[in-house]
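Notes to accompany the following structure.
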Amino acid sequence: MAEKDERYYKAYMEHKTISRRGLFRALTSGTKKASADASSASSLPKLSEASVADQDLVTEQLDASQVVRMVARPPGAIDELLFQKICTGCSDCESACPEKIIHIDGGLALLDVDYGYCSMCGECQKACPTGALHAKKSHDKQNGTELRPNFNTSCQNRLFGECELCAEQCPHQAIAIAALSLPKLDQVKCDGCSRCKQACPFFVITMNLYTSH
C-alpha cells in the first residue's frame with residue numbers, strides 16, 4: 001500500500017499538468033469523513049513538513065483506491081472517486097476528441113467505443129482544465145482506456161479459421177491468432193483502443209473494463 005500511496009501523492013501534489021483549480025476542487029468538493037479511527041490514521045504515510053490539507057488529500061487518495069469504476073472514462077482518467085470530484089463536465093474533452101467517442105453523461109466524461117475507436121491522440125488530456133485526465137508522458141500505460149476486448153465463442157476464426165481481422169488492426173500486436181481458436185490477448189500490450197472491435201464484421205468482440213489494481 002505504501003508504494004501506491006507514494007504514486008498517488010506524487011501524481012496529485014507534484015505533477016504540473018494538474019491546475020490549481022483542479023487541486024482545490026479535489027480538496028474541497030464532496031463530503032469528507034469527519035474523523036478517522038486510530039488504525040486508519042496510523043496507516044497514512046509519513047510526509048515530512050506536510051500540511052493538514054496534504055494529509056486530507058492523502059486520506060482521499062486512499063479512499064479513491066477502493067472505488068470501482070463502472071463505466072469507461074477517456075484515456076488517462078485518474079482513479080474514479082477523484083475523477084468524479086475533479087471532472088466538471090465542462091465538455092472540453094468531448095469537443096477536442098477527433099473520433100467523437102467522448103460524451104458527457106451525468107455531468108461526467110465517459111468513453112463510448114460502440115461505434116468508434118480511440119486513436120490515443122491525447123487531445124482530450126490536453127483540453128482537460130482540471131487534471132481529471134492526467135497524462136504523464138507519451139505512450140505511458142496510464143494513457144490507456146482500461147478497456148480490454150472479449151472474444152465470444154461465435155468468433156469466425158474459432159469456427160472456420162482464416163480470420164485475422166482483429167489482429168491485423170491492432171497497433172500494438174497485442175492479439176495472437178491460432179487456427180480454429182479464439183484470439184489470445186496480451187493484456188500488457190493492449191491499451192484498450194477498440195480498433196479490434198471496429199474491425200470485426202461479425203460483432204463477436206465486446207470491450208470490458210479491466211484494471212490491474
Side-chain angles (χ1 to χ4, degrees), residues 4 7 65 67-80 83-84 87 89 91-106 108-128 132-213:
K4 195 168 190 179
R7 177 172 63 84
S65 68
V67 176
V68 177
R69 178 164 288 153
M70 302 302 293
V71 297
R73 300 298 184 192
I78 59 179
D79 283 333
E80 185 65 15
F83 181 87
Q84 292 180 18
C87 177
S91 79
D92 285 359
C93 58
E94 180 180 27
S95 300
C97 178
E99 310 300 338
K100 305 304 179 186
I101 59 172
I102 298 177
H103 308 294
I104 305 301
D105 183 65
L108 299 171
L110 61 79
L111 196 70
D112 181 358
V113 294
D114 283 345
Y115 303 103
Y117 62 84
C118 180
S119 62
M120 303 296 169
C121 64
E123 292 303 315
C124 57
Q125 296 165 346
K126 294 176 185 177
C128 179
L133 304 181
H134 182 63
K136 282 188 174 180
K137 56 185 178 181
S138 298
H139 309 301
D140 195 297
K141 287 301 294 182
Q142 186 179 354
N143 296 339
T145 68
E146 294 187 343
L147 290 170
R148 294 294 182 269
N150 178 69
F151 308 93
N152 72 39
T153 54
S154 298
C155 172
Q156 294 297 292
N157 186 71
R158 173 183 174 274
L159 297 176
F160 308 110
E162 300 184 356
C163 182
E164 301 184 2
L165 293 173
C166 57
E168 290 172 355
Q169 292 301 311
C170 178
H172 304 297
Q173 293 77 51
I175 300 174
I177 302 291
L180 300 174
S181 301
L182 284 176
K184 300 294 185 181
L185 179 71
D186 186 322
Q187 296 280 2
V188 175
K189 290 182 178 179
C190 179
D191 62 6
C193 69
S194 191
R195 289 177 189 267
C196 57
K197 173 181 168 63
Q198 302 309 319
C200 179
F202 306 106
F203 307 105
V204 301
I205 300 177
T206 56
M207 300 298 293
N208 302 324
L209 281 172
Y210 169 88
T211 56
S212 58
H213 55 277

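- Once rounded to the nearest 0.5 Å, the distance linking CG of L185 with SG of C166 reads 9.5 Å.
- Rounded to the nearest 0.5 Å, atoms CG (D92) and SG (C87) are 10.0 Å apart.
- Taking every heavy atom of both residues into account, T153 and L182 meet most closely at CA-CD2, 4.3 Å.
- Remark: L180 engages no residue in a side chain to side chain contact (heavy atoms under 4.5 Å, CB included) (not counting sequence neighbours).
- Although no hydrogens or angles enter the test, the distance criterion places a donor-acceptor pair under 3.5 Å between the side chain of R148 and the main chain of C190.
- Proximity of E80 to R73: side-chain heavy atoms (C-beta onward) are separated by under 4.5 Å at one or more points.
- Counting only residues at least two apart or in different chains, salt bridge (charged side-chain N to carboxylate O under 4.0 Å, His left out) contacts with residues 115-125 comprise E123-K126.
- Nearest heavy-atom pair, I177 versus E164, reported as atom, atom and distance to 0.1 Å: CG2-CG, 3.7 Å.
- Within the 4.5 Å cutoff, the side chain of L111 has heavy atoms near those of the L147 side chain.
- Here C163 pairs with Q156, N157, L165, F202 under the side chain to side chain contact (heavy atoms under 4.5 Å, CB included) rule; sequence neighbours left out.
- Of the inter-residue distances, the one linking C196 atom SG with F151 atom CZ reads 5.0 Å to the nearest 0.5 angstrom.
- Side-chain atoms of Q84 never come within 3.5 Å of backbone atoms of L108 as a donor-acceptor pair (strictly under, hydrogens ignored).
- To the nearest 0.5 Å, the span separating CG on L209 from CZ on R69 amounts to 8.0 Å.
- For the residue pair G192 and T145, the shortest heavy atom distance occurs at O-OG1, 2.8 Å.
- Listed by chain and residue number, N150, N208 satisfy the side chain to side chain contact (heavy atoms under 4.5 Å, CB included) test with T206 (two or more places apart in sequence, or in another chain).
- The heavy-atom pair separating S194 from M207 by the smallest distance is OG-CG, 3.6 Å.
- The 12-atom threshold is not exceeded at NZ of K184, counting heavy atoms of other residues, nucleotides or ligands nearer than 6.0 Å.
- Side-chain N or O atoms of S95 include none that pairs as donor or acceptor with a backbone N or O of C93 at under 3.5 Å.
- Counting only distance, with no hydrogens or angles, the side chain of Q169 and the backbone of Q198 share no donor-acceptor pair below 3.5 Å.
- Minimum heavy-atom separation, A132 to F83: O-CD1, 3.5 Å.
- Here D114 pairs with D112, K197 under the side chain to side chain contact (heavy atoms under 4.5 Å, CB included) rule; sequence neighbours left out.
- One distance of note links OG of S119 with CD1 of I101; it measures 7.5 Å at 0.5 Å rounding.
- Considering every non-hydrogen atom in both C124 and I102, the closest pair reads CB-CD1, 3.6 Å.
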